[in-house]
Protein chains: 2
Amino acid sequence: MQSKAFCNNFTNAPMFEHLKNKFPIEDQKWERYINCFNKLEVPSKTVLLNEGEISERIFFIEKGCVRCWFNRDGKDLTLQFFLEGGMVASIESFRKKIPSPVTIETIEPSVLWYVDKKDMDSILTELIEIPEIREKFIDILFERTFDYMKHFVSFIKDSPEQRYQNILKEKPQLIQRIPQHYIASYLGITSVHLSRIKNKMLK
Amino acid sequence: MQSKAFCNNFTNAPMFEHLKNKFPIEDQKWERYINCFNKLEVPSKTVLLNEGEISERIFFIEKGCVRCWFNRDGKDLTLQFFLEGGMVASIESFRKKIPSPVTIETIEPSVLWYVDKKDMDSILTELIEIPEIREKFIDILFERTFDYMKHFVSFIKDSPEQRYQNILKEKPQLIQRIPQHYIASYLGITSVHLSRIKNKMLK
DNA sequence: GTTCGACGATAACATTTGTTATCAAATGCA
DNA sequence: TGCATTTGATAACAAATGTTATCGTCGAAC
């Protein structure tokens, strides 16, 4: 009884509307899967995974913002941001059970749902047999890879100023919501230099 | 008759020993697949795919060395090198039938085998149904992604000098075989700067 | 053998970017 | 409200890296 109420509660969350649209799977299966999702409401600066730990959970973001970063000689280097609708884990650590190269941390008060690795593995094992879903997963994998490549290529072909303008054009929500020193770290420059760039762009 | 001789000829190539070890598939299937491979012997500086073209072939390297690069304001930016045993295509272009962001070019006289996209697609469609092979493909996909991430992370966390030393340690064959200005372009610096780095390291 | 082009080293100078320090404004919290 | 912390701007100086030009060597093509 309690489990059923639990389940209905989850089913109504916006997160699942989003997922159900993305993965059209029979309702019956969804009910089973939804029991593997755990809600987490956390304040800003909550660490979801520490650099060096092994990733045991994958997080789905219903509300808020998450940052992946690592430490290098005391400096804070940002690899990625995730917003509403995003799915985040240290995928290398999650897949290969090796220590995570990155820390995953909220930068806004956030509403998250997580799935434990063992649950996620069994869901995936089941779903991968369905050709349409399999195709979708492979697509997602490719898209992730292409995204990394794109970000990487932008590092070697564009100046920091151009990279900033790319973000302004393609992901303006990031500029609006994320503190500037994190943006600078994401662009691979110091916050002082980003200040200079913004100043120069005004003139 | 001719087709059979052709096939036997191919079967003996070192390339296929390598592939057969990597993908243990029944001999019968291999015979069919091997007919889709076409041998290509080319001199240095042969363009296999031009920036802007749509990738229609995937190349397997039996002997030689291949470079992926693109042009930015007349400058030559290198993304990757491939040596013997490597498999190269503009994967984004190959998968999505979009113009390739990179040029693919030999930098040594090379012996290659290529497979046309339509053949590769049908081979993959067949093989993806075999769970072990499917797992292997997904592994390969992940590994590619992790490689890109690693290379990318090294760009944001290491100095050019450290990146050069990483290559010296991890891929010394590249330093030995590849002209220095291509190495510089791969490291994201000018050849002048790489000269300075080497000079500094001597002292 | 001669010539031409590719490759690599080096120097002088220019530009970009980082470092450190200081201050002002905004924000969260008691 | 008021204080502490975070965030962002700016200046002065230092270090890293690019640009351009010159020169020497080596190997391939004629």
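Letters A, B, ... mirror the listed sequences (proteins, then strands); counts begin at 1.
- Within residues 152-189 of chain A, the residues approaching DNA chain D are P179(A), Q180(A), H181(A), by heavy-atom distance under 4.0 Å.
- Contact annotation: K198(B) side-chain N/O to dA9(C) OP1/OP2 distance is under 4.0 Å.
- Residue M201(A) contributes atom CE, which lies 12 Å from atom P of dA9(D) at whole-angstrom precision.
- Taking atom NZ of K200(A) as the reference point, atom P of dT15(C) lies 12 Å away to the nearest angstrom.
- A donor and an acceptor atom, one from each side chain of S185(A) and T78(A), are located under 3.5 Å apart.
- Distance CD1/I156(B) to NZ/K75(A): 11.5 Å, rounded to 0.5 Å.
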For nucleotides 19-26 of chain C, give me every protein contact, N/O to N/O, under 3.5 Å, one pair per line with atom names.
none

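- Sorted by first and then second residue, the salt bridge (Lys or Arg N to Asp or Glu O under 4.0 Å) pairs involving residues 57-67 of chain B (not counting sequence neighbours) are R57(B)-D116(B), K63(B)-E84(B), R67(B)-D76(B).
- The distance from atom CG of L202(B) to atom C1' of dA9(C) is 12 Å, rounded to the nearest whole Å.
- Checking E126(A) against Y33(A) by side-chain atom types alone, a donor-acceptor pair falls below 3.5 Å.
- In summary, the side chains of Y148(A) and Q80(A) do present a donor paired with an acceptor at a separation below 3.5 Å, with no hydrogens or angles considered.
- When the C1' atom of dC7(C) is taken as reference, atom CD1 of I107(B) falls 14 Å away, rounded to whole Å.
- When the P atom of dG18(C) is taken as reference, atom CG of L77(A) falls 11 Å away, rounded to whole Å.
- For the OP1/OP2 pair of dT10(D) and a distance below 4.0 Å, the side-chain nitrogens and oxygens of N199(A) include at least one atom meeting the criterion.
- Using modelled atom types, one side-chain atom of E51(A) and one backbone atom of N71(A) make a donor-acceptor pair closer than 3.5 Å.
- In summary, the side chains of S55(A) and S90(A) do not present any donor paired with an acceptor at a separation below 3.5 Å, with no hydrogens or angles considered.
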Practice item. Starting from the C-alpha separation in whole Å, work towards a yes-or-no answer on side chain to side chain contact (heavy atoms under 4.5 Å, CB included) for M120(A) and F94(A). Key: CA-CA 10 Å; M120(A) 196 66 192; F94(A) 192 76; 4.0 Å; yes
